[in-house]
Each structure stands twice: as structure tokens, then as C-alpha cells.
Amino acid sequence: MTYDLVIKNGNVIDPAQGIHAKKDIAVAGGKIAEIEDYVSDGDTHDVIEADDLLVTPGLVDLHVHVWWGVAHLAIEADPACVYRGVTTAIDAGSSGSNTVAGFHRYVMDSASTRVLAFLHISGMGQLDNDIGELEDIRWARVEKAVEAAKLHSDVIVGIKVRLTEGIVGKNDMVALDRALEAGKELNKPVMIHIGGSIHSFDEFLEKLRPGDIVTHSFTGNPHGILDNNNKVIDAAWDAMKRGIIFDVGHGAGSFAFPVAEACLEQGLDPGTVSSDVHRYNVRGPVFDLMTTLSKYIHLGYSIKDALAFGTTKPAAAVGLPDHIGTLKVGADADIAVIQHREGSVTFTDALGNERAGNQLLLPVETLRKGRRFNPIHSTHPNLVGHPHTH
Ligand SMILES: [Zn+2]
């Protein structure tokens, strides 16, 4: 067969199909054509030798900010995503009804990364760092959000709302109600950003529907998932049973090792692991999704489970389980080739807490619809433990 490309001898892990074995993968026409113990590369245009490397579905990052030049915190999609293993990046509220047309045309239509989005219930999206997008609740217009989400239904996967006091003032409950109203009308999930709100987390959780998503679930900020005795609050257990998804959304201020560790000890797993990569954390402590997944391997999850948190699970959360985050034959050839590097590494959470790790996932090459992308930035020296010497 004349395939476009064959990836040879990789250690293939596809949580969606329960595969963890040495396999060859053939790509043709931008799709996965074959995944077998042996695929002949005799007549193939291009070969990637993946001995000693992991070959996984292209990662799905459920929380990024890539409306570059418009949302204050946004970065360019491709350098942080497709060049670093993430083939599907889901922007979490950088755009709202006032700006989504531009986001669609100038970012989603032109990036090599597949960019989807949670549309912010605030029409302005996340425009400014000092003036919160819902301090004036008039920005939260359900009809406008629903209309925009329908007009851009090929890329909008849900509705986003941020409930922190500095962003919504005292409007957190009404903001949440409006986001849920839009979500219900669209029959799509709502992603809520928690931590530092006026109302308690319990009061938000009560209102969420199965499939709604909490991001920044392991924040160290007040009104989080733990009570004052470091116990997971009852409302969180109830929510989990009802099918609410606890997403990581690491970010610059929203992931605390002690909180994640306490949850893990008490048996509360994350539903999905996302980076919330943006301009205030892309040079650390987040760097990218692969580093965030590596933190979960450090916390004790297997590589396969960690990869599921960044492939199948976010794919299911946005209703695309058969299309993204899998190496199924016929799916887009979105593939991450990853080095599993053993050796000392310092992981830092959003509060500056450090953990000494001994393994790290590093992007080697990513395929998006069969096209090859190599990392264009090397691993940051702060991460791999070789700080600059003077
Ligand atoms: Zn965010």
C-alpha cells in the first residue's frame, strides 16, 4: 500500500481503544488508515521511527486561551498547542458574542491546531485583566450568547462563566444562572471557573447539570473543593455522582498540589486535566498540557490514565468521543509522538509549591490531519532543572 506516512515501532497508547502495545500506524489522506502490529513501509512516502517513543492520540486541551491580540491573556494557538502535542485546543471563554466572529475567522479558520471554544456568557469575553467581564452584568445577555453559539455551532462546544469576585463582583449567582440558561437552550455544557467567589462552591454545584464542567477544581483559593479540615466537601461528591466533571485548568493561580493531593488521597479523581495555558503561565509554571499531565503522573496516575485525562475524557466532555482523542481507523490522523523522559524534574504549582519529580512527557512530533509539526520551542530550563548559570 502506498501510505502517506507510517509511524513504526511506537509504544502506542490509546485509552479510547484500550490499546497499550507496540504497533505501527499508517496515515493516508489525513486519516488513520491502519493500526497493526506490523505495517509495511516499503512504498510509503514518509516514515517516523518511533522506537522508544510513545505514540498517542493528539492531546485535547479542554482549557486554553488563544484569541491572540484580543483577549488580554491569550497566546498564539499553534506554538503552545499543535507544536507541543495538542491537536485540539478548546478556548475557555476568551471570546463572547461580540467577538466570536473574529475569533472564528482569524484564529480558528487559520490555525493548524483544531480550535474549538466555550463561548463566554459575557459578550466581551475576557477582554481585560483589570476590568472584570461581568462586573457590569449587562454584558451577560443570554439571547446574544445563544444566537452567536448557534451561528458558530461548528466550533462552539459550550458556555463559559467566571465566578471570582474580582471578575463578577457580587453578580456570581445571576451570572451562573444566565450561563445555565444559555447552556440549557443550546443543550450544551457550561464550564464554571471557581475560586474566590462571594457565594460558596456548594451553592454553584447545586445548580449544575450532568455534563457541566467545573474548571480550577483544585484551586487553593477560598470556596474551593476542600473544607477547613482538608476534607472534600459533600457537595463535590454529590456533584461527581450526578456526572459533573471536575477539570484541572491549572492556570497561573488555580492549581495547588496540596489540594490535588488531598483529593487524590480521599479518592476524588479529576474528570479531565487541562492546562489553562495563557500568556501569564506559558513560561511556567504551566508551560503546556504535556507538563500538566506529567504532574498527574507524578501524583501517582499511570501514563495511560494520565493520557486519558488529556484525550478521551475531554473529547467525551465536549461530545466528540469518536472524532478526537483517539487513534481509531478513520479518525483524523491527529497523533502525538512523545518522549517519556526519566530524570529529575521540578514541578511547580500555581502557588509556587514545588515537587521533585523523576519523569516528564516531552513533545517530539505532532501530526494534525497527517501533517507533521515539531516543537518550535525547546523545554524551558526551569522545568528540566538546568537553570541559567551566570
Ligand atoms: Zn482560563
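Counting convention: from 1, in listed order, for ligands and their atoms alike. Fair warning: this is a prediction, and the values are worked out from it, not measured in the lab. Residue numbers start at 1 and run along the sequence shown.
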Original post:
Is the shortest side-chain N to carboxylate O distance from E261 to R355 below 4.0 Å?
Top reply: yes

**OP:** Please report the C-alpha distance between T311 and L59 in whole Å, then the side-chain angles of each, then the deciding distance to 0.1 Å, and finally whether the side chain to side chain contact (heavy atoms under 4.5 Å, CB included) criterion is met.
**Re:** CA-CA 5 Å; T311 55; L59 304 181; 3.8 Å; yes

Original post:
Under 2.8 Å from the Zn ion (ligand 1), how many protein N/O/S atoms can be counted?
Top reply: 3

Original post:
Which atom pair, heavy atoms only, marks the closest approach of G325 to A16?
Top reply: O-CB, 4.2 Å

Original post:
Does anything in residues 96-124 pair up under salt bridge (charged side-chain N to carboxylate O under 4.0 Å, His left out), and if so which pairs, sequence neighbours excluded?
Top reply: R114-D332, R114-D334

**OP:** Check whether any side-chain N or O of D24 sits under 3.5 Å from a backbone N or O of K8 as a donor-acceptor pair, and report yes or no.
**Re:** no

**OP:** Taking all non-hydrogen atoms of both residues into account, name the closest pair between N9 and K22 and its distance.
**Re:** O-NZ, 2.9 Å

